[in-house]
Amino acid sequence: DAGVTQSPTHLIKTRGQQVTLRCSPKSGHDTVSWYQQALGQGPQFIFQYYEEEERQRGNFPDRFSGHQFPNYSSELNVNALLLGDSALYLCASSPRTGYEQYFGPGTRLTVT
Amino acid sequence: RKEVEQDPGPFNVPEGATVAFNCTYSNSASQSFFWYRQDCRKEPKLLMSVYSSGNEDGRFTAQLNRASQYISLLIRDSKLSDSATYLCVVNHSAGNKLTFGGGTRVLVKP
């Protein structure tokens, strides 16, 4: 039973560029949430998807957008990258009716 | 004030000792509570859910005090492998959105 997978593992981008991160949820899970974790801090909620729609959103600008596909996988897009976007981006999946979320290994994004 | 607050530590713990630490949350409507463990440069992993009556999982005991809005985690007979950052996590009634504390770092030493 595969857990949550994310790609790529690491990514280096320059300011102003755009990036797309990918996530496949754990088998049997239909809800995907994205989090940003800066160094030394706890993860911060970006948004959540189920039924291919954004259902909840945290305090992040519109530069952060996402998508969920019919197979429940998801993408996180960040436009006009800033140095402050450098962080570990975590994807978590859960069943709609459950509260426990399981995290993928994350994508470490460095913006130079 | 942060929604979920934790003492960042580190808590330096001799191997075999007991360590306990708390976290406080500000939203009285919070409904679900968890402890996650995070190793350096790894993803958070669910350690245990926290139930109103308190619950135990092996050497780990979690307590919830709704009146005072805090959650605690106690680790007995600490192992070197318990060294990690422990994240207190709250799920508000508004939806399945997790709010994390900043984490408490625990270092177990021989």
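Chain naming here is simple, since letters A, B, ... match the order of the sequence lines and numbering starts at 1 in each.
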Which bit of F47(A) is near chain B, if near means a heavy-atom gap under 4.5 Å: side chain, backbone, both or neither? neither
Is there a path of hydrophobic side-chain contacts, each under 4.5 Å between heavy atoms, that joins L76(A) and F60(A)? yes
Taking the side chain as every heavy atom from C-beta outward, state whether L46(B) and F103(A) have any pair of such atoms under 4.5 Å apart. no
Heavy-atom distances under 4.5 Å only: say whether R108(A) touches chain B with side chain, backbone, both or neither. side chain
Between L90(A) and P44(B), what is the shortest heavy-atom contact and its length? CD1-CD, 3.7 Å
Co-membership, hydrophobic cluster, residues I75(B) and F33(B), 4.5 Å side-chain: yes
Verify the neighbour count for atom CG of L83(A): are there more than 12 heavy atoms of other residues, nucleotides or ligands below 6.0 Å? yes
Do you reckon F11(B) sits in the same ILVMFWY cluster as L47(B), going by side-chain contacts under 4.5 Å, direct or chained? yes
Find the one option among P105(A), G40(A), G58(A) whose heavy-atom pairs under 4.5 Å with chain B are most numerous. P105(A)
Checking heavy atoms, do the side chain of R105(B), its backbone, both or neither come under 4.5 Å from chain A? neither
Heavy-atom cut-off 4.5 Å, strictly under: side chain, backbone, both or neither for Q38(B) against chain A? side chain
Measure the CE-CD distance between M48(B) and E100(A) for me, rounded to the nearest 0.5 Å. 11.0 Å
Q37(A) versus chain B, heavy atoms under 4.5 Å apart: side chain, backbone, both or neither? side chain
Heavy atoms of other groups near N59(A) CG, more than 12 under 6.0 Å: no
Residue selection (most heavy-atom pairs with chain A, distance under 4.5 Å) from F34(B), F100(B), Y36(B): F100(B)
